[in-house]
Trainee: 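One structure coming up, written as structure tokens, with questions to follow.
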Amino acid sequence: MNYEEAEKQSLILTENLCNNILKNIPNLVIGGWAITAYCGNIRFTADIDVITLPLTTMPVKKAFNKDWITRKVFYGVQAENKKLGIQAHINTIAYIPDRSTKTRIMVPNEIFNNIKKEKVRGLYYKGFIEIPVCPFSYLLTLKAIPNRIKDDFDFALLMLNENYNRNEFINYLTKYAIKKHFIEKCKRLSNRAYFFSLSKTLITNYNFNIMQFNAINKELEKIKELI
């Protein structure tokens, strides 16, 4: 399966998952497709990552039909489409576990109030879908913790986005995550060589410039003063 076909199939499955299979369970897309919703078709992704209202593991598992193989896992439900082999990861518990930092980011019920749908398309596949997307500031918090290249890249992208709101981000970060891991991310992003290497390790059409590097790190310094 080439990149375009992988994106196409992933988008079709994501739309069906959110708008049909889980239509009776509040759900939000996180991960790569959520980044695409806010930042545009910038990097390749085929992952399907969704969070549902906490404590809905069994209703989610029962919602799938015979086209999927499902199993209960530590974060909720893993589902694999039988025909395509594409997996969906549905976080159904009260926190999102991050293996890279061995920590938890709590899932507040409030993010499921006033769910909004956004149009999304791939880097290679240009067909649009419309899916419920995680609120911006909480998505930024999810990207503020992990010690992984793609999350550092996504976090930097979101920091430059017009939806960025410092106070909202600080509120989510301090209430639902462990701040020391955010401080560690700030240190990584302040390293110029590392910062400019991010886009080179991913399948993306985007490159940061020196003005963006300076702007992001100036803003991160302000945030660290306030938390």
Side-chain angles (χ1 to χ4, degrees), residues 1-100 105 107 111-112 115-135 138-139 142-143 146 148-151 153-154 202-205:
M1 191 182 299
N2 60 30
Y3 291 142
E4 181 179 354
E5 186 64 18
E7 284 184 332
K8 177 182 178 180
Q9 298 303 331
S10 176
L11 285 166
I12 290 172
L13 290 180
T14 301
E15 183 174 46
N16 183 48
L17 173 62
C18 295
N19 299 330
N20 295 315
I21 295 173
L22 300 179
K23 65 181 180 180
N24 295 321
I25 303 168
N27 68 88
L28 298 164
V29 174
I30 56 174
W33 289 130
I35 297 297
T36 300
Y38 289 112
C39 300
N41 48 321
I42 286 172
R43 77 167 174 86
F44 172 79
T45 186
D47 295 337
I48 302 176
D49 297 301
V50 175
I51 54 175
T52 65
L53 192 69
L55 308 179
T56 52
T57 301
M58 289 312 297
V60 166
K61 196 171 186 299
K62 290 179 180 179
F64 283 89
N65 60 30
K66 59 183 177 58
D67 296 329
W68 296 80
I69 300 170
T70 61
R71 65 188 184 100
K72 186 176 178 181
V73 291
F74 66 95
Y75 55 80
V77 177
Q78 182 186 90
E80 182 176 321
N81 185 268
K82 292 179 180 178
K83 181 179 179 180
L84 299 170
I86 294 177
Q87 290 186 348
H89 307 278
I90 304 106
N91 200 105
T92 64
I93 57 179
Y95 60 87
I96 295 178
D98 174 49
R99 290 181 173 181
S100 68
I105 304 166
V107 179
I111 66 173
F112 296 93
I115 293 175
K116 295 181 180 179
K117 291 187 177 182
E118 301 287 347
K119 288 185 176 180
V120 179
R121 70 177 187 179
L123 178 61
Y124 298 97
Y125 177 68
K126 304 306 181 183
F128 280 101
I129 65 166
E130 193 170 62
I131 51 177
V133 176
C134 178
Y138 185 68
L139 179 64
L142 294 181
K143 294 294 182 176
R148 299 184 301 181
I149 289 174
K150 71 175 182 179
D151 293 295
F153 176 84
D154 290 346
L202 302 167
I203 303 171
T204 178
N205 62 4

Trainee: Kindly compute the distance separating CD1 (Ile90) from OG1 (Thr57), expressed to the nearest 0.5 Å.
Mentor: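 That separation rounds to 10.0 Å.
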Trainee: What do you reckon, is NZ of Lys62 surrounded by more than 12 foreign heavy atoms closer than 6.0 Å?
Mentor: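 No - once you tally the heavy atoms of other residues, nucleotides and ligands closer than 6.0 Å, there are 12 at most.
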Trainee: Is the backbone N or O of Glu130 less than 3.5 Å from a side-chain atom of Asn19, with the two atoms forming a donor-acceptor pair by type?
Mentor: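 Indeed, once roles are kept as given, a pair shorter than 3.5 Å links the two residues.
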Trainee: Going from OG1 on Thr14 to CD1 on Ile48, what distance comes out if it is rounded to the nearest 0.5 angstrom?
Mentor: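 Taking OG1 in Thr14 and CD1 in Ile48, the distance rounds to 3.5 Å.
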Trainee: Hey, does the side chain of Glu7 reach the backbone of Leu123 with a donor-acceptor pair shorter than 3.5 angstrom?
Mentor: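 Yes, Glu7 side chain to Leu123 backbone: donor-acceptor pair under 3.5 Å.
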Trainee: Taking the side chain as every heavy atom from C-beta outward, state whether Thr45 and Ile203 have any atom pair closer than 4.5 Å.
Mentor: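 Counting from C-beta outward, Thr45 and Ile203 never come under 4.5 Å.
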Trainee: When you check the gap from the basic side-chain N to the acidic O, do Asp67 and Lys82 get nearer than 4.0 Å?
Mentor: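 Not counted as a salt bridge, because no side-chain N and carboxylate O are separated by less than 4.0 Å.
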Trainee: Does any part of the side chain of Arg121, heavy atoms only, come nearer than 4.5 Å to the side chain of Thr36, both counted from C-beta?
Mentor: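 No, too far: nothing below the 4.5 Å cut-off.
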Trainee: Can you check whether Pro146's main-chain N or O pairs, donor with acceptor, with Ser100's side chain at less than 3.5 Å?
Mentor: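 Absent.
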Trainee: Within the structure provided, determine whether Val29 and Asp49 are in side-chain contact (heavy-atom separation under 4.5 Å).
Mentor: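 Counting from C-beta outward, Val29 and Asp49 never come under 4.5 Å.
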Trainee: Is any side-chain heavy atom of Ile35 closer than 4.5 Å to a side-chain heavy atom of Ile42?
Mentor: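 SC-SC contact between Ile35 and Ile42 ruled out.
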Trainee: Go through the steps to decide whether Val107 and Tyr138 satisfy the test side chain to side chain contact (heavy atoms under 4.5 Å, CB included), and finish with yes or no.
Mentor: CA-CA 9 Å; Val107 179; Tyr138 185 68; 3.6 Å; yes
Trainee: Give the minimum heavy-atom separation between Trp68 and Asn81, together with the two atoms involved.
Mentor: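 That would be CE3-N, 3.4 Å.
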Trainee: Between Leu28 and Val50, is a side chain to side chain contact (heavy atoms under 4.5 Å, CB included) present by the stated rule, with each step listed?
Mentor: CA-CA 6 Å; Leu28 298 164; Val50 175; 5.9 Å; no
Trainee: Determine the minimum heavy-atom distance between Gly127 and Leu11, stating which atoms define it.
Mentor: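 Heavy atoms of Gly127 and Leu11 come nearest at O-CD1, 4.0 Å.
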Trainee: Hey, which of Pro132, Cys134, Pro135 is the one that makes side chain to side chain contact (heavy atoms under 4.5 Å, CB included) with Ile115?
Mentor: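 Answer to the side chain to side chain contact (heavy atoms under 4.5 Å, CB included) test with Ile115 among Pro132, Cys134, Pro135: Pro132.
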Trainee: To the closest 0.5 Å, what do you measure between CG (Asn16) and CD1 (Ile21)?
Mentor: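 If I round to the nearest 0.5 Å, the distance is 4.5 Å.
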Trainee: Roughly how far, to the nearest 0.5 Å, is the CG atom of Asn41 from the OH atom of Tyr125?
Mentor: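 One finds 13.0 Å between OH of Tyr125 and CG of Asn41.
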Trainee: Is Val120 close to Ile131 at the side-chain level, that is, under 4.5 Å between some pair of heavy atoms?
Mentor: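 Yes, side chains in contact.
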Trainee: A quick test of your reading: do over 12 heavy atoms of other residues, nucleotides or ligands sit less than 6.0 Å from NZ of Lys126?
Mentor: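 Atom NZ in Lys126 is packed in, count exceeds 12.
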Trainee: Tell me whether Gln78 contacts the main-chain N or O of His89 through its side chain, where contact means a donor paired with an acceptor under 3.5 Å.
Mentor: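 Looks like no, no N/O pair under 3.5 Å.
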Trainee: Does some side-chain heavy atom of Phe153 sit less than 4.5 Å from a side-chain heavy atom of Asp151?
Mentor: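 No, their side chains stay 4.5 Å or more apart.
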Trainee: Whether the side chain of Glu118 engages the backbone of Val133 through a donor-acceptor N/O pair (distance < 3.5 Å, no angle test) should be reported.
Mentor: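 No, the answer is negative, given that no donor and acceptor are paired below the 3.5 Å cut-off.
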Trainee: So which heavy atom on Ala34 is nearest to which on Leu139, and how close?
Mentor: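 Closest approach of Ala34 to Leu139: CB-CD2, 3.8 Å.
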Trainee: Phe74 and Pro97: which non-hydrogen atoms are nearest, and at how many Å?
Mentor: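 Heavy-atom minimum between the residues: CE1-CG, 3.6 Å.
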Trainee: To the closest 0.5 Å, what do you measure between CG (Leu142) and CD1 (Ile30)?
Mentor: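 Going from the CG atom of Leu142 to the CD1 atom of Ile30 covers 5.5 Å.
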Trainee: To the closest 0.5 Å, what do you measure between CD1 (Ile12) and CG (Leu17)?
Mentor: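 One finds 13.5 Å between CD1 of Ile12 and CG of Leu17.
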Trainee: Any sub-3.5 Å donor-acceptor pair from Lys150's side-chain atoms to Leu202's backbone N or O?
Mentor: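 No; judged by distance alone, with no hydrogens or angles, the pair does not exist.
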Trainee: Quick one: does any side-chain atom of Asn27 pair with a main-chain N or O of Ile25 as donor and acceptor, under 3.5 Å?
Mentor: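 Yes; at least one donor-acceptor contact below 3.5 Å.
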Trainee: Classify the angle between the aromatic ring planes of Phe44 and Tyr3 as parallel (below 30°), tilted (30 to 60°) or perpendicular (above 60°).
Mentor: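 Correct class here is tilted.
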Trainee: Let me see the working for Ile51 and Phe112 under side chain to side chain contact (heavy atoms under 4.5 Å, CB included), right down to the final yes or no.
Mentor: CA-CA 10 Å; Ile51 54 175; Phe112 296 93; 4.2 Å; yes
Trainee: Show, in sequence, the C-alpha distance, side-chain angles and deciding distance for Asn91 and Thr52, and conclude whether the side chain to side chain contact (heavy atoms under 4.5 Å, CB included) test is met.
Mentor: CA-CA 6 Å; Asn91 200 105; Thr52 65; over 6 Å; no
Trainee: Would you name the heavy atoms of Pro54 and Ala94 that are closest together and state the gap between them?
Mentor: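 Closest heavy-atom pair between Pro54 and Ala94: CB-CA, 3.9 Å.
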